[in-house]
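The structure under discussion appears below in the form of structure tokens.
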2 protein chains.
Amino acid sequence: MKSSNLKNKRPTLQDVADLVGVTKMTVSRFLKNPDRVSPPLQLKISVALDNLGYIPNRAPDILSKSKSHAIGVLLPSLTNQVFAEVIRGIETVLEPAGYQTMLAHYGYSKEAEESRIATLLSYGVDGLIISESYHTDRVRKMLSVAGIPVIEIMDSVSPPIEQAIGIDNQAAAYAMTEFMIQRGRQKIVYFAARMDQRTLLKIKGYENAMQDNDLTPLCLRTNSASSFTLGATFLKDALQQQPDTDGIFCTNDDLAIGALYACQKAGINVPQDISIAGFHGHDISRAMVPLLATVITPREEMGRLAAEHLLSRLQGNPVSQRIIDLPFHLEVGESI
Amino acid sequence: MKSSNLKNKRPTLQDVADLVGVTKMTVSRFLKNPDRVSPPLQLKISVALDNLGYIPNRAPDILSKSKSHAIGVLLPSLTNQVFAEVIRGIETVLEPAGYQTMLAHYGYSKEAEESRIATLLSYGVDGLIISESYHTDRVRKMLSVAGIPVIEIMDSVSPPIEQAIGIDNQAAAYAMTEFMIQRGRQKIVYFAARMDQRTLLKIKGYENAMQDNDLTPLCLRTNSASSFTLGATFLKDALQQQPDTDGIFCTNDDLAIGALYACQKAGINVPQDISIAGFHGHDISRAMVPLLATVITPREEMGRLAAEHLLSRLQGNPVSQRIIDLPFHLEVGESI
DNA sequence: CCATGATTTGTTACAGGTAACATTACCATA
DNA sequence: TATGGTAATGTTACCTGTAACAAATCATGG
């Protein structure tokens, strides 16, 4: 019955036990199942817990059982609507299951990705949801050594570390390009920002569709983040490089909306003069005038599925399907 | 020299030590400062660490030193651009300082807030950044017992638990309303969603401004989340309840943009027929046609300052200023 | 060549909760 | 009353990294 709490630090089970006059084991039993202690103690312990404001400490559990009940989620960015919706999907599943989400982002830098994964692992996360398909050897080594389930999201093509859930970005871009061509567009320019794996795949899809129709692709690209103003800048560049541009396909809705507004300001009629299409189908693209043509992707479902499969793996089930390819669909809108 | 790693779990310091033939204490010394072990050992340890792919474990530290190097951030929502930018500001400061951000959200539910705070504390976070100004007694008790620095963000008015950093939402709403009135608007309707503390303050600011000018306030409200479509719905309601409505002030940009698009679709000229103003000044409001009038708030700076003050407190400094009131400013745009 | 001090490595204990095992208390029945 | 059995509670050890202290090793100068 050693007493601690000399320096008014946060109360421990021992403090509660001291107050009641039992050992901390008894209090621990009460916490897991109140019926495992005698009725009079139940009351006294319950009162003591309340009085002290006891908050459990997960560290001992992580230490002795390697179970943190935390899931690490590592995404390129948090200020991107796409990932915000993925996160919502993930939490929809993890939170009711009693898992805490530890969120981190790496700003599209492979170096930062390594350090973020190390940090998440150092907190003993029970599983990881990461994005992108390409990872450095050090990342692969860390993940293999950690021995926890890992799910990659966003893209469904590359061979996954263990399991991938996403869409076929290349096919989606091909489909939208093909659709614009069928609508009579010939000089379609692709706007690409943030040259990550998925953007490269989309560019490939666009270029393939153009070439399959004997058209010449033209892709404007930058490594910086996409934004509405970047869309406007790209529009100016495109018209300079190819004055008879009649279509614009953007790697995301932000660029597309920026380009569309720039057209409105410049007196260019959309879609009569130029067609514009985006990617992802954010709320705003479904509300604006004119409605934006875009590729609708199942972002929230992607997160939900990733979390569900992770939980299943944590329950000991094996990987059921290495690659889960989710459907996308084209929203025609009024801008094509 | 007891050997573990029988069940190929993640390697510990002991495993590294066994491989080198020293005690784990020696390896621990190397990790903190390589020069504290002899040069030949430096090499051997370094190789062993690499071979095994050792990843440190923070649990013992949390246990014995109550230092997790993690900061809990609790916000109402993550799928809201406002909070995404706050988070970016926070991470801009915390990440270089070696702190991991543990993000959680509670969907505007006080009950969920309690449980999220308990969870964050159970992971031994070193400090907390939370939002809103009203908290239940249980939350206040938990925070006081935890004995860690807490900073409240978003609003600068209510008496903080320890320290608050935000803007004066009521004054901001008053200023924008006053401005619209000066521009000749008389029948201004307020659109409010997600009735949290800050929204109530903004409504109060709007109502005060209207009354000070002998105008009758009319506020449309709902508890559901704001969205572009909600803005459109509200517009219809407003015109029905008050056909000669000549101004709309929205609690955020999403509602304002939704209302603006709905006007465009309905052939209502903005701002000739109706003025529209939003709140927060998101990227899109600065790019769209017409440019949206809005209240520009220092969201990223708010996060940055909160993190900086938290770090200062973690270094032992006292609270320097209980309430830090950040400036906002009005963006006139083209919609008023 | 030994004493002295500096450098390097080892030993022990601790943080908080819980599994596994040990003990005590209590009641019912022979 | 003794015995058996169950219910209630206590004891010990463990998980990992490191502070604090202890011991061993080495180099240097008298």
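In what follows, every heavy atom counts, from backbone to side chain, and hydrogens, waters and symmetry copies are set aside.
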Nearest whole angstrom, please: distance from the [atom2] of [N] to the [atom1] of [X].
X: B:Met25; N: D:dT16; atom1: CE; atom2: C1'; answer: 12 Å
X: A:Gln42; N: D:dT9; atom1: CD; atom2: C1'; answer: 14 Å
X: A:Phe30; N: D:dT9; atom1: CZ; atom2: C1'; answer: 15 Å
X: B:Arg36; N: C:dA6; atom1: CZ; atom2: C1'; answer: 15 Å
X: B:Asn33; N: D:dA19; atom1: CG; atom2: C1'; answer: 16 Å
X: A:Asn57; N: D:dC15; atom1: CG; atom2: P; answer: 18 Å

Per A:Arg29 side chain, nearest of listed nucleotides D:dG17, D:dT9, C:dG16: D:dT9
Measure from the side chain of B:Asp61, starting at C-beta and using heavy atoms only, and say which of D:dG17, C:dT11, C:dA15 lies closest.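 In terms of side-chain proximity for B:Asp61, the closest of D:dG17, C:dT11, C:dA15 is D:dG17.
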Decide if atom CD of A:Glu111 counts as having more than 12 heavy atoms of other residues, nucleotides or ligands within a radius under 6.0 Å.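 For A:Glu111, atom CD is not crowded (no more than 12 foreign heavy atoms under 6.0 Å).
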For [X], answer base if it contacts any base atom (sugar-phosphate contacts may also be present), sugar-phosphate if it contacts only those atoms, and nothing otherwise; contact means non-hydrogen atoms under 4.0 Å.
X: B:Lys32; answer: sugar-phosphate
X: B:Lys65; answer: sugar-phosphate
X: A:Tyr54; answer: sugar-phosphate
X: A:Leu41; answer: sugar-phosphate
X: B:Val27; answer: nothing
X: A:Ser38; answer: sugar-phosphate

Using salt bridge (Lys or Arg N to Asp or Glu O under 4.0 Å), reason through B:Asp196 and B:Arg198 one step at a time and then give a plain yes or no. CA-CA 6 Å; B:Asp196 58 11; B:Arg198 279 166 293 126; 3.0 Å; yes
